[in-house]
Amino acid sequence: MSKKTLQIIFGSLIVLMMVGCVGVYVYDIVANGRPFYDNLLILIFALSMLTVALIRNFKVKNRGSLLFYEKAYEKELGNAFSDNSAYRKFLVMATRYYDESKYSKALKLLGKLAKEAKRETDLAPVLLFAALCYTDMGLVDHGIKTYYELIEIYPRNSQAHSNLGGLHLQNGDFKLALSHYTEAIKCDKNNYYAFNNRANCYFRMQDYDSAIADAKSALEIKNNGVEAATLLAI
């Protein structure tokens, strides 16, 4: 029996229990003449608990499966922990926690995996998602430090350079941001975001010719890129 089917069955049982509680309450009033306020608090409590259970049931249903995250982050994960299915599962779980904005849980798992990583290909996605968590938590300095740890072991990681450029740009260090965007493009000529972000950096530096050139390059890679198109229009 599939998970979805079980969730539907469980949800239906909860609804039946809710109807049953109301039915017993009404019957007690009508048939036995009990005052409506006698068991009102008990009814409210029971319905509240069942409602919470119902919400949790369907909330779980909408949660992406680990296979979904395995495919969604296929490029970032690479073949990390391919020799250990348990660690691979923990890594994918960490990506799901990151996607759900449960950064503390994600970092806890990633910290354990960092100690178990035996290869650079194991450690690279661990550091990448740790840096992403720190960034989304607003811990920019931690994010920058982690990205530098990543490019030290994996210097040709285009995404790491591009994201690092964004953090330096956020700190107002345009020259350093520009150097990492350029490195990201050297590592991957088809990195749309690196071209778009470097265009934005040039724009903020008032180097409009370079900004236009990079925005056009970004649109050659991704012709429906809203960010690059907007910047080019401006």
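Given the structure is predicted, the values throughout are model-derived calculations rather than measurements. Computed over heavy atoms, backbone and side chain alike; hydrogens, waters and symmetry mates excluded.
Listed here is the closest heavy atom pair of Leu109 and Ala94: CD1-N, 3.9 Å. Residues Ala117 and Asp122 share a closest heavy-atom pair of CB-CB, 3.7 Å. What you find for Asp214 and Ala199 is that their closest heavy atoms are CB-CB, 3.6 Å. The two residues Val126 and Leu113 make their nearest non-hydrogen contact at CG2-CB, 4.0 Å. When all heavy atoms of Cys187 and Ser158 are compared, the pair lying nearest together is CB-CB, 3.8 Å. For Ala80 against Arg88, the heavy-atom pair with the smallest separation is O-NH1, 2.8 Å.
By the side chain to side chain donor-acceptor pair (under 3.5 Å) test, Asn39 is found to be paired with Asp28, residues two or more places apart in sequence or in another chain being considered. With sequence neighbours excluded, no residue satisfies side chain to side chain donor-acceptor pair (under 3.5 Å) with Glu149. Scored by the side chain to side chain donor-acceptor pair (under 3.5 Å) test, Glu227 finds Tyr192 as partners (sequence neighbours excluded). Evaluation of the ring-ring contact (aromatic ring centres under 6.0 Å, His included) rule for Phe203 yields Tyr208 as partners, not counting sequence neighbours. Applying the side chain to side chain donor-acceptor pair (under 3.5 Å) criterion to Ser217, with sequence neighbours excluded, gives no partner residue.
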Please step through side chain to side chain contact (heavy atoms under 4.5 Å, CB included) for the pair Leu127 and Ile153, ending with a clear verdict.
CA-CA 10 Å; Leu127 293 175; Ile153 66 165; 4.1 Å; yes
Going through the distances and angles, do Cys201 and His168 end up as a side chain to side chain contact (heavy atoms under 4.5 Å, CB included)?
CA-CA 10 Å; Cys201 187; His168 285 305; over 6 Å; no
Stepwise side chain to side chain contact (heavy atoms under 4.5 Å, CB included) test for Asn200 and Asn196
CA-CA 6 Å; Asn200 181 50; Asn196 175 72; 5.6 Å; no
With side chain to side chain contact (heavy atoms under 4.5 Å, CB included) as the test, would you mind laying out the steps for Ile212 and Lys216 before giving the verdict?
CA-CA 6 Å; Ile212 289 170; Lys216 286 181 176 179; 3.7 Å; yes
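With hydrophobic clusters built from ILVMFWY side chains whose heavy atoms lie under 4.5 angstrom apart, Tyr25 shares a cluster with Val15. At a threshold of 4.5 Å between side-chain heavy atoms, the hydrophobic network of Ile, Leu, Val, Met, Phe, Trp and Tyr places Leu231 and Phe195 in two separate groups. Hydrophobic clustering (ILVMFWY, side-chain heavy atoms < 4.5 Å, transitive): Ile185 and Leu167 are in distinct clusters. Residues Ile44 and Ile14 are members of one and the same hydrophobic cluster, defined by side-chain heavy-atom contacts under 4.5 angstrom among Ile, Leu, Val, Met, Phe, Trp and Tyr. Hydrophobic clustering, with ILVMFWY side chains joined whenever heavy atoms are under 4.5 angstrom apart, keeps Val52 apart from Leu54.
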Side-chain polar contacts of residues 128-143 - donor-acceptor pairs under 3.5 angstrom, sequence neighbours left out - could you list them?
| unit_1 | atom_1 | unit_2 | atom_2 | d |
| --- | --- | --- | --- | --- |
| Thr135 | OG1 | Ala131 | O | 2.8 |
| Asp136 | OD2 | Tyr98 | OH | 3.3 |
| Asp136 | OD2 | Tyr103 | OH | 3.4 |

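Side-chain contact between Leu110 and Leu91 is present, with at least one heavy-atom pair separated by less than 4.5 Å. Residues Thr146 and Leu150 form no side-chain contact, since every pair of their non-hydrogen atoms from C-beta on lies 4.5 Å or further apart. In this structure the side chain of Ile8 reaches within 4.5 angstrom of the side chain of Ser12, judged on heavy atoms. In this structure, the side chains of Lys222 and Asn224 come closer than 4.5 Å at one or more pairs of heavy atoms. Looking at Leu169 and Asn197, their side chains never come closer than 4.5 Å, going by heavy atoms from C-beta outward. Looking only at side-chain heavy atoms (C-beta outward), Glu100 and Arg96 come within less than 4.5 Å of each other.
More than 12 heavy atoms of other shown residues, nucleotides or ligands fall within 6.0 angstrom of atom CE in Met205. The local environment of OH in Tyr27 is sparse, with at most 12 non-hydrogen atoms from other residues, nucleotides or ligands closer than 6.0 Å. Enclosure of atom CE in Met18 by more than 12 non-hydrogen atoms of other residues, nucleotides or ligands within 6.0 angstrom is indicated. Around CZ of Phe90, the count of heavy atoms belonging to other residues, nucleotides or ligands within 6.0 Å does not exceed 12.
The aromatic rings of Tyr69 and Tyr73 sit parallel, their planes meeting at an angle under 30°, below the 60° perpendicular limit.
Here Thr182 contributes atom OG1 and Arg198 contributes atom CZ; the two are 4.5 Å apart, rounded to the nearest 0.5 Å. Atom CD of Glu116 and atom CG of Asn84 lie 8.5 Å apart (nearest 0.5 Å). Taking OH of Tyr202 as the reference point, atom CG of Leu178 lies at 4.0 Å (rounded to 0.5 Å).
Donor-acceptor pairing under 3.5 Å is recorded for the side chains of Asn163 and Tyr147. Using a 3.5 Å distance cut-off with no hydrogens or angles, the side chains of Asp207 and Ser210 do pair a donor with an acceptor.
Side chain of Asn157 to main chain of Ile151: no donor-acceptor pair is present (N/O by atom type, distance under 3.5 Å, no hydrogens or angles). Not a single donor-acceptor pair under 3.5 Å links the side chain of Ser162 to the backbone N or O of Gln159. In terms of modelled atom types and a separation under 3.5 Å, the side chain of Asn79 and the main chain of Ser82 share no donor-acceptor contact.
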